[in-house]
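A short write-up of the structure that comes next.
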Amino acid sequence: MPELPEVEVVRRRLLTCLPGLVVRDVRVHDATVCDLPEDELRRTIAGRRVLGLRRRGKYLMIDLGEPVAAGRLLVVHLRMTGQLLFRPEPRGRPARFVITFDPSTELHFYDMRRFGRLWSLDPRDEEAFFAALGPEPFSAAFDVAYLRRALAERRAPLKAFLLDQRRIAGVGNIYADEALFRARLNPLRAAGTVGPREAQRLHAALLETLQAGIDHEGSSIESFIDPAGRRGSFQEILNVYQRTGEPCRVCGTAIERVVVGGRGTHYCPRCQPRRGGIAPTARRARPTGPAGKRDARGAPPATRGAECG
DNA sequence: AGTGGCTCCTGGCGGC
DNA sequence: TGCCGCCAGGAGCCAC
């Protein structure tokens with residue numbers, strides 16, 4: 001699942017190729033992917049030059065400039081299985097959309113589960129579009145004081161708190177589980193019971209875990225590959241995520257799995273003890289079997305996508 | 001307002 | 001062997 005680190009890896013890869021190129025055309029093969037009809041989308045972006053690439057939480061932004069002074073902002077969310085690829089090998093299903101650039105570069109969007117989305121925005125609407133998103137983890141706004149305020153008096157489990165994009169932008173299921181393990185905090189703890197020192201640990205753990213994800217070029221658990229078709233390696237050093245029943249790398253205790261907020265949640269019951277009150281709603285879930293099983297499922301072989309189209 | 005739960009969507013997999 | 005139903009999850013939406 002593309003989370004902040006995976007989207008950041010995609011952004012950095014696109015940054016080596018796209019800036020300076022001009023949008024020649026866009027073809028939409030799945031009308032549900034975009035907020036605009038194909039012809040209207042084309043009208044808003046064709047002829048424009050790529051000025052830069054930004055990221056906000058799990059959203060990727062492509063800044064488009066001339067010839068119209070006001071510019072345009074393309075926003076992509078990969079959701080569960082979205083992939084942006086430079087002119088990949090032909091596949092069974094067509095790309096959901098394809099953007100072609102001059103000189104000859106193609107960017108294809110594949111998305112098995114069709115949750116991914118594309119928006120073409122007036123840049124003046126950017127603030128409103130992202131208004132509900134919490135602070136960027138690597139920004140100055142996300143400091144320990146902010147985290148403590150955000151946690152205060154929340155009855156929701158810590159895991160649900162971390163997944164709430166209104167509180168912190170960009171954290172998803174994998175990095176939430178891994179950050180809680182690193183912070184030695186139980187995912188079922190009510191967020192409001194976290195003390196000052198624990199909040200400090202959680203803040204540090206979030207930044208360290210997300211940075212490790214970026215350094216390892218993302219987690220290729222479901223289907224993540226970068227625009228050049230390369231897999232990340234963070235899945236190889238996971239401590240708890242999808243390691244149900246396997247020994248904790250620190251203490252050897254079997255990793256447990258529960259469902260919190262409808263999401264599979266993995267933790268070490270010894271390293272992440274249930275101190276400080278458990279949020280009432282989490283229920284125990286059946287194990288999903290040995291970790292690694294899902295690595296094989298749906299993770300396509302790294303394609304030989306051209307580096308820059 | 002805060003919180004939980006349902007829905008979308010698809011391919012893989014277990015069970016019968 | 002083949003079919004059916006369950007499962008995974010990001011985020012929007014709705015109900016309480």
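Just so you know, these numbers come straight off a predicted model, no measurement behind them. Just so it is clear: chains get the letters A, B, ... in the order the sequence lines come, proteins before strands, and each one is counted from 1.
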field: A:R189 and A:E198: CA distance, side-chain angles, deciding distance, salt bridge (charged side-chain N to carboxylate O under 4.0 Å, His left out) verdict
entry: CA-CA 12 Å; A:R189 278 272 296 274; A:E198 291 173 320; 2.8 Å; yes

field: Nearest-Å distance for atom pair CZ/P, residues A:R117 and C:dG12
entry: 11 Å

- prompt: Does the distance from a Lys or Arg side-chain N to an Asp or Glu carboxylate O, for A:E178 and A:R182, drop under 4.0 Å?
  reply: no

- request: Measure the distance from CD on A:Q83 to C1' on B:dG11 and round it to the nearest whole Å.
  value: 14 Å

Minimum-distance nucleotide to A:R114 side chain [options: B:dT10, B:dT3, B:dG4]: B:dT10

query: Of A:A160 and A:D111, whose nearest nucleotide on DNA chain B comes first from the 5' end?
result: A:A160

field: Minimum-distance nucleotide to A:R167 side chain [options: B:dG11, B:dG2, C:dG9]
entry: B:dG2

message: OP1 or OP2 of C:dG10 versus the side-chain N and O atoms of A:H77: is any pair under 4.0 Å?
response: no

field: For atom NZ of A:K159 and atom P of C:dG9, their distance in whole Å
entry: 7 Å

query: Which nucleotide, C:dG9, B:dG11, B:dG4, lies nearest any side-chain atom of A:F115?
result: C:dG9

From B:dT3, C:dG9, C:dA11, nucleotide with atom closest to A:M80 side chain: C:dG9

message: Does C:dG10 have its OP1 or OP2 closer than 4.0 Å to a side-chain nitrogen or oxygen of A:R263?
response: yes

message: Looking at the base of B:dG2, is there any donor atom on it, or on the side chain of A:R154, that sits under 3.5 Å from an acceptor on the other one?
response: no

- request: Give the rounded distance in Å between these two atoms: CG of A:D164 and P of C:dG10.
  value: 13 Å

task: Say whether A:R274 and A:Y267, considering side chains only, have a donor N or O and an acceptor N or O under 3.5 Å apart.
output: yes

- prompt: Looking only at side-chain N and O atoms, does A:R257 come under 4.0 Å of OP1 or OP2 in C:dA8?
  reply: yes

message: Between A:R56 and A:E126 (salt bridge meaning N to carboxylate O under 4.0 Å), is one present in this structure?
response: no

message: Expressed as a whole number of angstroms, how long is the span from A:L162:CG to B:dT3:C1'?
response: 16 Å

- request: Let me know the distance between CG of A:L163 and P of B:dG2, rounded to the nearest Å.
  value: 17 Å

message: How many whole angstroms separate atom CD of A:Q242 from atom P of C:dA8?
response: 9 Å

query: Which nucleotide in the set B:dG4, C:dG12, C:dG9 lies at the smallest distance from any side-chain heavy atom of A:Y241?
result: C:dG9

message: Ring-plane angle category for A:F97 and A:F109, please: parallel below 30°, perpendicular beyond 60°, tilted otherwise.
response: parallel

- request: Please work out if A:R79 contacts a base, only the sugar-phosphate, or nothing of the nucleic acid, heavy-atom cut-off 4.0 Å.
  value: base

- prompt: Whole Å only: how far is the CZ atom of A:F130 from the C1' atom of C:dG10?
  reply: 15 Å

field: Sugar-phosphate only, base, or nothing, as touched by A:Y59 at under 4.0 Å among non-hydrogen atoms
entry: sugar-phosphate

